[in-house]
Amino acid sequence: MLKRTKIAQLLQSEQTIKQVLIKGWVRTRRDAKDFSFVEINDGSCLKNMQVIARNDLSNYDDIKKLTTGSSVAVTGEMILSQGGNQKFEVVAETIEIYSLAPEDYPLQKKKHSDEYLRTIAHLRPRSNKYGAAFRVRSELSYAIHKFFNERGFRYVHTPIITGSDCEGAGEMFQVTTLDINNPPRTPDGKVDYSQDFFGKEARLTVSGQLNGEMYACALGDIYTFGPTFRAENSNTTRHAAEFWMIEPEMAFADIHDDMDLAEDMVKYCIRHVMNTCADDLALFDKFVEPGLLDKLNNIMNSGFARITYTEAIDIMKASGKAFEYKPEFGIDLQTEHERFLAEEHFKRPVIVRDYPKEIKAFYMRLNDDGRTVAAMDVLVPGIGELIGGSQREERLDVLIKRIEEMGMTEADYEWYLDSRRYGSVPHAGFGLGFERMMMLITGIGNIRDVIPFPRTPKSINF
RNA sequence: UCCGGCUUAGCUCAGCGGUAGAGCAAUCGGCUGUUAACCGAUUGGUCGCCUGUUCGAAUCAGGCAGCCGGAGCCA
């Protein structure tokens, strides 16, 4: 019994093969005089296998009806192709038709707009561009795990549902089994969450960081890699309500170790994808972002610029450039500032650190100057903020003071503060938006096009 | 959430007051070791929804919805 071989594997062959079995979907068919060319794609790689279907095949009449999108199994000999565009082709001995795609198959043999393909997100991975994107997504995921695993980081699964409404990273989705049309009430008229599934309010996580810190303070170096949710009404090309985030956390590490890790990880991931998805990246370089490969090589081979927030402000002031938001110490860096630094001034990724404490989260370590914290953001050309991280405040008294300063409730963080009560150590970590790295590596400009089924405000199809 | 733009055939768009057009796709036929082949023919739309102005609205006005881009929030 002949076993199926994937096209990606066949195309790596050094020589012709007497008998092969391939299975896939018809991309296009062209008739010649005594035979038909059928291009098969099985998703294993960008390239198709050209199949020669001669008119002496018993079901040739049916083969002539094969339309784009139809599914087939083909046996035959893989020979060197006479045509110039492919090394091999398969001369069919049998073609079994699984299913003919009717004429209303939505993917035509032509270029479609990304907006249209988004409306058929369930079929778009069958197109060249999206097939490539989601092969890259898979390889990039693997690269993340491989990078951390090779460095002795442990993979920690932090909860998706959280009872804490104070993870400090934005609006959260509520999770409840109560009947929202008729919820139980307490005597004073409020919703009685003691009767809800968890006995209290529950939400989808916006970050696993606080949990991750606990595990770093036990296992040493850890990372999380999982789905994250934000109920922000953000309508941009860089935000989604559901996205995947990578959050490493290192015990016995400071802000400089953190920056080293971030830079090493980005370079490692790019290298891995360039090595494993060369054809797919070539497509992006040709059709999506001309110059992409040069950009990626530049990122891999150049050191990331590293400056302090104060230096960044000075650079922008000295540039003479007219910014809409005037650079002054104390302002948050706007999109235009990030783009200026990464794209115009340094022309490569930049890591900015030591931000004013007022514009950063409570858990970031207070610097000796008393007015900045050991936070760092990695800004990349075209994307803006790819990574946000910090050295964490490990001093219990300073941390409690920061919680008070920011008007937060200490009682909500008792379990978190335990890590500072018992064997507290310097530690640091960061958060990386997985889809943002996908955009960086593929050149695809919209986050909706690097997630299989994107969830954004007013949109939850499929 | 704010600002701007768009919504006409399956797709991409033109038409911008007088009752709808192109290219591509699809279908049919022809030609051909072809390369998202080529040539010919055919099919295909209550012009996003609601209200109004007008003798007459795809076209003008108002409202709504959806989509796109930018900004904010951030990953």
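Since we're looking at a predicted model, the values are computed, not measured. Hydrogens, waters and symmetry mates are skipped; everything else that's a heavy atom, side chains included, is used. The sequence lines fix the lettering, A, B, ..., with proteins before strands; numbering per chain opens at 1.
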Do NZ/NE/NH1/NH2 and the carboxylate oxygens of E405(A) and R402(A) come within less than 4.0 Å? yes
Find the distance L333(A):CG to G72(B):C1' and express it as a whole number of Å. 15 Å
Between side-chain atoms of residues 138-145 of chain A and protein atoms elsewhere (two or more places apart, or another chain), which donor-acceptor pairs fall under 3.5 Å?
unit_1: E139(A); atom_1: OE1; unit_2: H272(A); atom_2: NE2; d: 2.7
unit_1: S141(A); atom_1: OG; unit_2: R137(A); atom_2: O; d: 3.0
unit_1: H145(A); atom_1: ND1; unit_2: Y223(A); atom_2: OH; d: 2.6

Counting the atoms with a prime plus P, OP1 and OP2 as sugar-phosphate, which does E89(A) contact under 4.0 Å by heavy atoms, base, sugar-phosphate, or nothing? base
Distance check, C1' atoms only: A57(B) and C38(B), in whole angstrom units. 43 Å
Taking any heavy-atom pair under 4.0 Å as a contact, classify T237(A): base, sugar-phosphate, or nothing. sugar-phosphate
Over how many whole Å does the gap from Q86(A) atom CD to G33(B) atom C1' extend? 10 Å
Phosphate OP1/OP2 of A37(B) contacted by T28(A) side-chain N/O (<4.0 Å): yes
Expressed as a whole number of Å, how far does the C1' atom of U12(B) sit from that of C47(B)? 16 Å
Just to confirm, is there a sub-4.0 Å distance from OP1 or OP2 of A75(B) to any side-chain nitrogen or oxygen of S207(A)? no
With heavy atoms under 4.0 Å as the rule, sort T228(A) into base, sugar-phosphate or nothing. nothing
Pair partner, U19(B) [Watson-Crick or wobble, under 3.5 Å]: none
Rounded to the nearest 0.5 Å, the OG1 atom of T372(A) sits from the CD1 atom of I359(A) at a distance of 10.5 Å
Between atom CG in L432(A) and atom P in A75(B), what is the gap in whole Å? 11 Å
Pick out which of I313(A), D354(A), N367(A) makes a side-chain contact (heavy atoms from CB on, under 4.5 Å) with T308(A). D354(A)
Can you check the distance between G69(B) and G30(B), where both ends of the measurement are the P atom (answer in whole Å)? 46 Å
Specify the residue among T68(A) and F434(A) whose closest nucleotide of RNA chain B lies further upstream toward the 5′ end. T68(A)
Does A71(B) pair with anything, Watson-Crick or G-U wobble, both distances under 3.5 Å, and if so, with which nucleotide? U1(B)
Using Watson-Crick or G-U wobble geometry with both distances under 3.5 Å, which nucleotide pairs with U7(B)? A65(B)
Could you tell me how far C11(B) sits from G17(B) if I compare only their P atoms? Round to whole Å. 27 Å
With rounding to the nearest 0.5 Å, note down the distance linking CD in E289(A) to CG in L440(A). 8.5 Å
Can you tell me if R392(A) and S390(A) form a side-chain donor-acceptor pair at under 3.5 Å? yes
Under 3.5 Å for both donor-acceptor distances, Watson-Crick or wobble: does G52(B) have a partner, and if so which one? C60(B)
Report the relative orientation of the aromatic rings in H345(A) and F340(A); use parallel for angles under 30°, tilted for 30 to 60°, perpendicular for over 60°. tilted
Would you indicate, yes or no, if U34(B) has its OP1 or OP2 atom less than 4.0 angstrom from a side-chain nitrogen or oxygen of R30(A)? no
May I have the distance from I447(A) (atom CD1) to G69(B) (atom C1'), rounded to whole angstrom? 16 Å
Say we look at U34(B) and C39(B): how far apart would their P atoms be, to the nearest angstrom? 15 Å
Using a heavy-atom cut-off of under 4.0 Å over every strand shown, decide if D104(A) touches base, sugar-phosphate, or nothing. nothing
Hey, does the side chain of R124(A) reach the backbone of R118(A) with a donor-acceptor pair shorter than 3.5 angstrom? no
What contact category does S113(A) fall into here, base, sugar-phosphate, or nothing, at under 4.0 angstrom with non-hydrogen atoms? sugar-phosphate
Polar side chain donor-acceptor pair, D114(A) to Y130(A), under 3.5 angstrom: yes
Whole-Å distance between G33(B) P and R29(A) CZ? 16 Å
For E435(A), answer base if it contacts any base atom (sugar-phosphate contacts may also be present), sugar-phosphate if it contacts only those atoms, and nothing otherwise; contact means non-hydrogen atoms under 4.0 Å. nothing
Residues R151(A), D264(A): salt bridge by 4.0 Å N-O rule: yes
Considering every strand and a 4.0 Å limit on heavy-atom distances, what is the contact class for Q82(A): base, sugar-phosphate, or nothing? base
May I ask you to evaluate whether Q334(A) reaches the phosphate of A71(B), defined as a side-chain N or O under 4.0 Å from OP1 or OP2? no
Side-chain contact check for T236(A): nearest option of G72(B), U34(B), A37(B) is G72(B)
Using purine N1 to pyrimidine N3 plus N6-O4 or O6-N4 for Watson-Crick, or N1-O2 and O6-N3 for G-U wobble, each under 3.5 Å, what pairs with U42(B)? A26(B)
Can you tell me, in whole Å, how much space there is between the C1' of U19(B) and that of U59(B)? 12 Å
For K111(A), answer base if it contacts any base atom (sugar-phosphate contacts may also be present), sugar-phosphate if it contacts only those atoms, and nothing otherwise; contact means non-hydrogen atoms under 4.0 Å. base
Mind checking the P distance from G5(B) to G44(B)? Whole angstroms is fine. 37 Å
Whether the side chain of S234(A) and the base of C74(B) hold a donor-acceptor pair under 3.5 Å is what I'd like checked. no
Using a 4.0 Å heavy-atom cut-off, does G388(A) contact any base of the nucleic acid, only the sugar-phosphate backbone, or nothing at all? sugar-phosphate
5' precedence on RNA chain B between N85(A) and T456(A) (nearest-nucleotide basis): N85(A)
Between the protein and nucleotides 7-10 of chain B, list the N/O to N/O atom pairs that are separated by less than 3.5 angstrom.
unit_1: G10(B); atom_1: N2; unit_2: Q108(A); atom_2: OE1; d: 2.9
unit_1: G10(B); atom_1: N2; unit_2: Q108(A); atom_2: NE2; d: 3.3
unit_1: G10(B); atom_1: N3; unit_2: Q108(A); atom_2: NE2; d: 3.0

What is the nucleic acid contact for D332(A), judged by heavy atoms within less than 4.0 Å: base, sugar-phosphate only, or nothing? sugar-phosphate
Contact class for R118(A) (heavy atom, under 4.0 Å): base, sugar-phosphate, or nothing? sugar-phosphate
Basic-acidic side-chain contact under 4.0 Å: D279(A), K47(A): yes
Is I246(A) touching bases, backbone alone, or none of the nucleic acid, heavy atoms closer than 4.0 Å? nothing
With centres under 5.5 Å and planes under 30° as the test, does F243(A) stack with A75(B)? yes
Check the phosphate of A26(B) against T67(A), side-chain N and O only, distance under 4.0 Å to OP1 or OP2. Yes or no? no
Pairwise P distance for C60(B) and A14(B), with rounding to whole Å: 14 Å
Any luck finding a side-chain donor-acceptor pair between Y363(A) and Q209(A) under 3.5 Å? yes
Rounded distance (Å) that lies between atom P of G70(B) and atom CG of N235(A): 12 Å
Using a heavy-atom cut-off of under 4.0 Å over every strand shown, decide if H112(A) touches base, sugar-phosphate, or nothing. sugar-phosphate
Candidates U1(B), A26(B), C67(B) - which lies nearest the side chain of E103(A): A26(B)
So D31(A), base contact, sugar-phosphate only, or nothing? Heavy-atom distance under 4.0 Å. base
